Protein chains: 2
Amino acid sequence: MKDVNYNVAYDYIRKRILNAEFGAGRPLMANLLALEIGLSRTSVREALRQLEVDGLVSIRPHLGARVKTMDIRELRDLCEMRLALESHAAGLAARNRTAPDLQEIKFALEVMRGLTDRILAAEDPQPLTKELMDADVRFHIAIMSAAKNELIKKEILRLHLINRIVAGAFSKLASPEGTALEKEERNHRCRGWMVSHEAIYNAIARQDSAAAKAEMEQHIQGIIDNRLRHLAQTQEAGAARKLTEEERVYVN
Amino acid sequence: MKDVNYNVAYDYIRKRILNAEFGAGRPLMANLLALEIGLSRTSVREALRQLEVDGLVSIRPHLGARVKTMDIRELRDLCEMRLALESHAAGLAARNRTAPDLQEIKFALEVMRGLTDRILAAEDPQPLTKELMDADVRFHIAIMSAAKNELIKKEILRLHLINRIVAGAFSKLASPEGTALEKEERNHRCRGWMVSHEAIYNAIARQDSAAAKAEMEQHIQGIIDNRLRHLAQTQEAGAARKLTEEERVYVN
DNA sequence: TAATTATTTATTGCATGCAATGATATGCGA
DNA sequence: TCGCATATCATTGCATGCAATAAATAATTA
């Protein structure tokens, strides 16, 4: 962004939220943050408002700002919205893609394929999984870019971001359990992903808008189903709330 | 909203933008507005930031805030996004609607039907058209509410609002010409609308998600096509820019 | 002892003075 | 007269003191 102070504050706080140093529900007091960053409360306040826009922070008059907590209902709403926008974007991408756009998508796809093969063979997939996630993001970004609609792209990115911090938080709770049991399922899911991704790519390549849309819809619906099921397994309800309490420990 | 000052300022400025008293591109100087409303610059600033979120105002560091201007590209992006969200919402509504939801939709539809009949018969459709627009909005809102997704609903409403002020501004330019020629076309369009709306309603009534989505998609695509065509007719390009210049006269 | 009220404290909200910046106007030289 | 450098001015950005509010704590009474 620019070099004005409220953007400095914005970047600082945003980063710490995305790094999960500021966990869900953590109070964000203008006073403290201003001292910490070395700016005035005014700049911090403006930054917090901007973060509220991004959906990372919630502010209530006189009660201050907190890192946004999500209940299961909000998470579902968010996923549905992402489904609507991203499938539509895929349809647009099929119509509006240029040759370089397609190249970009193809490249991301091939990176993913390489990583997937290595993951299926590897013993410890942890570091590769991180890379795979990144490649996946690149793939989706490439499609959004090819759709040639900045507004939709921006909104999807926003949703991705929120999704990511929520997912990150949940996986922290979920990871201690069945790593062995997950291995089989994980491989299965990876293969499924690649099939989906290739179907999407092919549809966009042959400029089949309806197919691209349908494939993307199916793909994301799959991801959502997985996540919600996983969530339901981990605990019956109030997951976000529980996490909030736990994260309180990390208060800086 | 609440009774804090920045919400007062927010409501005030928002209202004037929606009433087209503050036209597109108009500079919004914190100093003047603060004096006018009787608050400090701080509160006005916060209000302007909130309005930026709504998409009604654009702010650039050191350059201040202006009522947002839209070029044809942004307008198209916005329409596409609305298409994606609203058709998805229709699909959700078909799945999630309750009996009262359906009742609400039906009521709005019947109001529209009554108005449409009267418009087709009337000489001067101007005042009825305004009512019809309102009923149409109610119809769409009822569907969004039945979809049971607050996030999507909120976003669609936001888009509607921006759309409305843009449309209002454009229609001001467009209305002087062919009122006679439009009459025939207008009637045709009204009938088409009713057909679409009834198809959407029926799909939701029988909980046919796919059909509801498809019908809504077609409906909105029709609206968009109409608008963009109309826009292209009115002038070749730079419509928003031209309007901006004209509205400058209204500087308070 | 429990509950309710009063008091204290911490934090947000608001206003205003000063500094930084971008735009405009002025003046100088070619 | 035109172009360019410089100065002036208006407006935003920033910081800080004070007021308003809500939460936490203490005190008082039934």
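The structure displayed is predicted, hence computed values, not measured ones. By convention in this document, chain letters (A, B, ...) are assigned in the order of the sequence lines, proteins followed by strands, and residues within each chain are numbered from 1.
With 3.5 Å as the limit, one finds a donor-acceptor pair spanning the side chains of A:N163 and A:R227.
For DNA chain C, the contact window with chain A, defined by any atom under 4.0 Å from a protein heavy atom, covers C:dT11 to C:dC14 in 5' to 3' order.
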All N/O contacts under 3.5 Å from nucleotides 7-10 of chain D to the protein, with atom names and distances to one decimal?
none

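In this view, B:Y12 and B:R16, B:E36, B:I37 satisfy the side chain to side chain contact (heavy atoms under 4.5 Å, CB included) rule, not counting sequence neighbours. With sequence neighbours excluded, the residues forming a ring pair (Phe, Tyr, Trp, His ring centres under 6.0 Å) with A:H140 are A:H197, A:H219, listed by chain and number. For A:D54, the side-chain hydrogen bond (donor to acceptor under 3.5 Å, both in side chains) partners at least two apart in sequence or on another chain are A:Y10. For the side-chain hydrogen bond (donor to acceptor under 3.5 Å, both in side chains) test, residues two or more places apart in sequence or in another chain that qualify with A:E155 are A:R158. With sequence neighbours left out, the side chain to side chain contact (heavy atoms under 4.5 Å, CB included) criterion links A:N226 to A:E185, A:R189, A:R229. For A:V137, the side chain to side chain contact (heavy atoms under 4.5 Å, CB included) test picks out A:I141, with sequence neighbours left out. With sequence neighbours excluded, the residues satisfying salt bridge (Lys or Arg N to Asp or Glu O under 4.0 Å) with A:D134 are A:K130.
Annotation: cation-pi geometry satisfied between A:R49 and B:Y6 (NZ/CZ under 6.0 angstrom from ring centroid, within 45° of ring axis).
Nearest heavy atom pair, residue B:V57 against residue B:A65, reads CG1-CB, 3.9 Å. Of all heavy-atom pairs between A:A90 and A:I204, the closest is O-CG1, 4.3 Å.
The backbone N or O of A:N149 lies less than 3.5 Å from no partner atom in the side chain of B:D77, so there is not a single donor-acceptor pair.
End-to-end axis angle for the helix from C:dT1-D:dA30 to C:dA30-D:dT1, using five pairs per end and rounding to 10°, comes out at 10°.
When rounded to the nearest whole Å, the span between CG of B:N5 and P of D:dA19 equals 16 Å. Atom CG in A:L63 sits roughly 14 Å away from atom C1' in D:dA24 (whole-Å rounding).
Identified under the side chain to side chain donor-acceptor pair (under 3.5 Å) test for residues 87-97 of chain B, with sequence neighbours left out: none.
B:A34 comes within contact range of no nucleotide atom at all, as no heavy-atom separation falls under 4.0 Å.
Using a 4.0 Å cutoff on non-hydrogen atoms, the parts of residues 37-59 of chain B near DNA chain C are B:L39, B:S40, B:R41, B:T42, B:S43, ordered by number.
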